[in-house]
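Single-structure report; data block below.
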Amino acid sequence: MISELNIVLKNLLLALTYAYFFISVGIFANELKQGEKLYNDNCAACHRVKSFTVGPSLVEISKKYSKEKEKSFLNWTNNPGKINPKTIQMPAMSHLGDPALKMVHKYVLHATKSVKETKSRHGFTPFKRPEPKYPYVKRSYMPFASPAAIAVVLNDQFSLSWDASIKRLRYGFSTANVFFSGESALDKAEKLILYKETSSQFWPFINDEQIEYQGYKLKDGTPTFMYQAGNIHITERIIQGPKVRSFVRQFTVKGSNSGAVIDLSHDGNVTIMPNKGVLERNQLTLTEKELAQFSITVTMND
Amino acid sequence: MIKKLLSLYITAAVSVSATAKSNWLDYYSIETVEIPKTVDHQIGGLEILKDGRIAAAFHSGEVLILNPEVGEWTTYATGLQEPLGLLEDDRGILVTQLSELTRLIDEDKDGVADVYQNVSDKFGMTGNYHEFVFGPARDKQGNLYISLNVASNYAGIFEHIRGEFSQIGLSKQTMQNWRHSSWKELRHKAGRMFSKVPYRGWVLQITPDGKTIPFAPGFRSPDGLFVDNKNRLWATDNQGDWIPTSPLYHVEKGNFYGHPASLVWKEGWKTDPIELSSKTLLKMKTPPVAQFPQGELANSPTQPVATVSPELFGLPEGELLIGDMNQTKMIRFLEDNVAGVTQGTLIPFLDTSALGNGNHRVRFDKEGNLWVGKTHLGWAGDEGIRKISWLKKPYLIADKVKQIKGGFTVHFNESIKQQLPNVKLTKHTYHYHAKYGSEKVNLQSVPVRTHWLDSSQQNLLISVGELSENYLYTIEFEGLESSKNQPLMGNILRYNLVKKM
């Protein structure tokens with residue numbers, strides 16, 4: 001009798017265990033499914049399973065937030081910080097709520113079981129720019145200039161930054177990539193600047209910012225900038241000078257009914273040679289006739 | 001054992017939920033276009049030139065032109081700053097770059113642009129990485145439209161900026177010092193996205209005589225601008241702060257489209273946008289004509305384009321077709337007008353992994369092939385150009401979705417089976433707030449009272465009773481087939497109900 005009861009109890013226990021097992025597996029699978037949907041709707045845009053895209057891969061995330069670190073996962077997703085400076089900031093996922101975020105965490109751990117990280121970002125081969133043909137013109141965020149700057153790269157050693165916001169040349173520099181990434185390395189860039197214009201205004205007729213920038217012509221890789229100050233039309237061609245680290249600015253000025261004194265104040269050890277007019281203490285005086293067409297050669301002194 | 005059981009369980013669950021998928025590749029071919037290795041294959045702009053050649057703008061700053069007959073690319077322009085849109089006009093090719101709208105002119109007719117003409121640079125730049133410029137689109141009067149991103153407070157601004165600095169909110173010096181550790185505590189005062197120089201977050205109009213006019217504020221990241229056959233300007237925007245899920249807007253002069261940062265450039269405006277309440281802004285805001293539920297239909301919708309003749313591409317003419325950065329599908333927009341309010345339905349199109357994501361710029365050529373340029377710019381996406389051609393096989397689609405009193409009618413391009421399909425309806429709305437995006441709010445199923453087919457067997461009428469304004473209705477068909485046993489292509493319809501009958 002007792003043994004019969006025992007068997008019944010044992011069977012009952014076994015049945016209960018099975019039921020518990022299947023229910024819990026069912027709940028778990030359901031949570032995973034929900035976690036997967038939540039991941040697809042809210043996270044997949046930036047986090048892929050195997051590879052770094054906008055943010056780290058699930059493989060990387062799963063290493064950082066193991067099963068035991070669910071709480072840290074919740075802390076981060078509710079209020080993310082920024083670890084990798086090269087990525088964009090992750091938005092907070094607090095609107096999903098902790099129960100949903102826990103399901104996402106479960107899914108992350110599940111989806112990354114025995115999955116290895118693929119190394120390359122996006123899986124794209126990084127673009128390798130071909131060897132440049134000098135000279136060339138390139139618009140870029142540049143240091144010590146407005147975001148509307150234009151780089152005139154004369155050769156592998158010398159370039160200029162011409163700023164379309166103020167319609168004038170800002171500086172000359174030793175050609176280096178650091179000049180094409182905005183203000184990301186100012187200290188490094190500063191050391192490579194060889195020549196810098198310091199006058200508050202270049203053309204005497206009008207404030208630099210009021211000059212209308214009209215664009216540039218591109219011939220043989222060098223630009224002729226076109227701009228207008230009231231009725232005065234100016235073109236400024238920039239070409240390679242007689243030395244590697246030198247440049248020539250060829251100007252035409254139409255519509256001026258007087259001469260002008262142009263302020264060529266600057267920093268840097270250079271020699272400035274105008275082809276017309278009188279240059280004294282960096283002030284270039286031109287008659288009305290000379291102003292119509294003149295050039296300035298600037299050479300870095302070694 | 002547990003693992004085995006678990007995997008069995010999951011397999012079963014997945015196979016139950018997965019419905020028999022119809023294959024888009026039965027109707028369209030997707031061809032990869034060869035591109036030279038000398039340029040970065042991320043496409044910012046795409047244009048079909050009048051002579052049939054294809055112009056593409058690349059992330060590395062070039063515009064190249066493809067002669068599709070011989071498959072040969074030539075360089076048209078170089079040195080551009082993140083070009084994000086191309087449009088041919090009678091003088092050259094217009095390109096939007098970070099700093100200006102530029103016309104690339106080939107004066108000496110040697111096939112290479114020699115003039116980089118400034119068409120408009122009458123907007124500010126701070127150097128912030130998020131200040132993209134999109135467009136251009138042109139209306140029938142010859143006005144051009146470009147759209148300007150707002151900046152992100154994960155960075156500040158450059159030492160030198162272009163344009164007037166807004167006196168509202170954080171000072172110029174504070175924002176220039178953003179690399180200092182104090183920025184972490186201060187940056188929220190700038191607003192998550194900010195507009196510290198003129199007209200960030202606006203659509204600008206450039207008139208044929210060269211004037212730049214601030215046209216409409218309220219945008220965050222309006223990547224897709226398009227003027228349709230009826231001379232209406234459309235724009236897509238991206239989910240984020242103040243944008244609960246990505247929207248499609250019909251843009252009209254002077255309207256406000258929801259993101260408050262740009263309001264500082266409204267004439268006479270004095271309030272810091274971060275002080276504004278949802279309630280105040282909601283009264284000002286123009287609702288979107290359509291909404292793309294995040295993660296389901298689109299995460300970052302891109303360029304709309306109008307479909308061409310149905311004989312060429314298989315879709316009804318004049319619909320908007322829209323790309324997305326994250327999803328491997330495109331989206332059709334079907335318009336409905338109720339009491340003068342434009343609203344409508346989004347339906348997935350070409351929903352196949354073969355399409356890939358990053359579908360950024362789209363244009364139809366004269367033969368009706370759809371050219372798709374892809375990009376990622378460090379976010380989700382892809383690279384390269386695809387050419388999509390209809391295989392001239394008809395297929396079943398919904399081609400009109402209209403609101404009726406207490407329900408919807410869905411018109412199909414072919415008659416459908418008399419045996420009625422299973423129709424599931426839900427509705428939800430969103431929070432409009434400064435937080436990044438919104439979950440679905442008040443998501444509820446909408447019981448279908450009755451649905452029936454009209455005598456043509458092309459009109460399915462769905463009656464649900466009272467409809468709710470400012471709700472997104474999701475209509476899902478299961479097992480809907482044409483009389484010829486063809487499955488419905490695009491079986492989830494999302495009707496953005498702004499105005500009810």
Side-chain angles (χ1 to χ4, degrees), chain A residues 21-22 25-26 28-30 32-33 40-46 48 53-54 82 86-89 91-92 94-97 121-122 124 127-130 136-141 143-151 163-166 170 182-183 186 212-219 223 226, chain B residues 2 5-6 9-10 13 17 37-42 59-61 77-81 97-100 102-103 107 113-118 121 125-127 129 131 152 154 158-163 240 293-296 299-300 325-326 376 378-383 431 435-439:
Chain A
F21 172 72
F22 279 111
V25 166
F28 183 65
N30 191 36
L32 271 183
K33 226 176 124 188
N40 281 329
D41 291 351
N42 299 285
C43 326
C46 299
R48 287 191 191 173
T53 49
V54 181
K82 197 166 190 293
K86 286 181 183 166
T87 60
I88 58 164
Q89 171 81 32
S94 48
H95 61 273
L96 298 179
R121 187 181 163 93
H122 292 282
F124 302 123
F127 171 63
K128 211 178 149 210
R129 206 172 271 279
Y136 66 89
V137 170
K138 176 187 163 82
R139 296 200 80 148
S140 175
Y141 281 176
F144 313 110
S146 92
I150 302 172
D163 195 335
S165 295
I166 55 166
R170 277 201 189 261
E183 293 187 339
L186 291 175
E212 295 281 327
Y213 168 68
Q214 293 165 322
Y216 57 89
K217 290 190 176 185
L218 194 62
K219 195 175 178 234
M226 303 175 288
Chain B
I2 294 179
L5 269 174
L6 194 62
Y9 184 95
I10 289 168
S17 70
K37 286 196 175 120
T38 51
V39 291
D40 186 318
H41 289 190
Q42 298 187 70
H59 178 52
S60 41
T78 56
L80 301 168
Q81 191 179 11
Q97 44 176 339
L98 290 189
S99 46
E100 69 187 39
T102 309
R103 183 178 284 114
E107 256 181 0
D114 26 50
V115 180
Y116 292 57
Q117 183 187 48
N118 174 18
D121 62 354
M125 296 174 86
T126 68
Y129 72 95
E131 287 181 346
S152 162
Y154 292 119
F158 274 21
E159 177 196 353
H160 300 283
I161 62 169
R162 183 174 79 187
Q294 180 80 356
E296 293 175 10
N299 297 54
S300 293
M325 292 302 296
N326 299 60
H376 53 81
W379 281 277
D382 203 345
E383 299 184 341
H431 287 308
K435 276 196 207 163
Y436 194 99
S438 160
E439 73 273 33

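Among residues two or more places apart in sequence or in another chain, the salt bridge (Lys or Arg N to Asp or Glu O under 4.0 Å) test is passed with B:E159 by none. Residues satisfying the salt bridge (Lys or Arg N to Asp or Glu O under 4.0 Å) criterion with A:K217, sequence neighbours excluded, are B:E107.
Proximity to chain B (any heavy atom under 4.5 Å) is shown, for A:Y136, by neither the backbone nor the side chain. Both the backbone and the side chain of B:D114 come within contact range of chain A, each with at least one heavy atom under 4.5 Å from a heavy atom of that chain. In this structure, chain A has a heavy atom under 4.5 Å from the backbone of B:I161, while its side chain stays farther away. Heavy atoms closer than 4.5 Å to chain B are found nowhere in A:A44, neither backbone nor side chain. Of the atoms belonging to B:S300, not a single heavy atom falls under 4.5 Å from chain A. B:E100 touches chain A through its side chain: at least one heavy atom from C-beta onward sits under 4.5 Å away, while N, CA, C and O do not. In this structure, chain B has heavy atoms under 4.5 Å from both the backbone and the side chain of A:E183. Interface residue A:N40: only backbone heavy atoms are found under 4.5 Å from chain B.
Here the CG-CZ distance, from B:D40 to A:R129, works out to 8.0 Å after rounding to the nearest 0.5 Å. Here the straight-line distance linking atom OG of A:S94 with atom NZ of B:K435 works out to 5.0 Å at 0.5 Å rounding. Here the straight-line distance linking atom NE2 of B:H431 with atom NE2 of A:H95 works out to 10.0 Å at 0.5 Å rounding. One finds the CG atom of B:D121 at 7.5 Å from the CD atom of A:E212 (value rounded to the nearest 0.5 Å). The NZ atom of A:K128 lies 12.5 Å from the NZ atom of B:K37; values are rounded to the nearest 0.5 Å.
Counting heavy atoms from C-beta on, the side chains of B:Q81 and A:Y141 come closer than 4.5 Å. In this structure, the side chains of B:N118 and A:Y216 stay at 4.5 Å or more apart for every pair of heavy atoms. Within the 4.5 Å cutoff, the side chain of A:I166 has no heavy atoms near those of the B:H160 side chain. Two residues are said to be in side-chain contact when any heavy atoms from C-beta on lie closer than 4.5 Å; B:E296 and A:D41 meet this criterion.
Between B:H59 and A:F127, the ring centre distance reaches or exceeds 6.0 Å.
Ranked by heavy-atom pairs under 4.5 Å with chain B, the first of A:A149, A:G215, A:P147, A:A92 is A:P147. Ranked by heavy-atom pairs shorter than 4.5 Å toward chain B, the options A:C43, A:A148, A:A151 are led by A:A148. Most heavy-atom pairs under 4.5 Å with chain A, from the set B:M125, B:H41, B:R103: that is B:M125. Heavy-atom pairs under 4.5 Å with chain B peak, among A:A145, A:G182, A:P143, at A:A145. Comparing B:Q117, B:Q42, B:E383 by how many heavy-atom pairs each has under 4.5 Å with chain A, the most go to B:E383.
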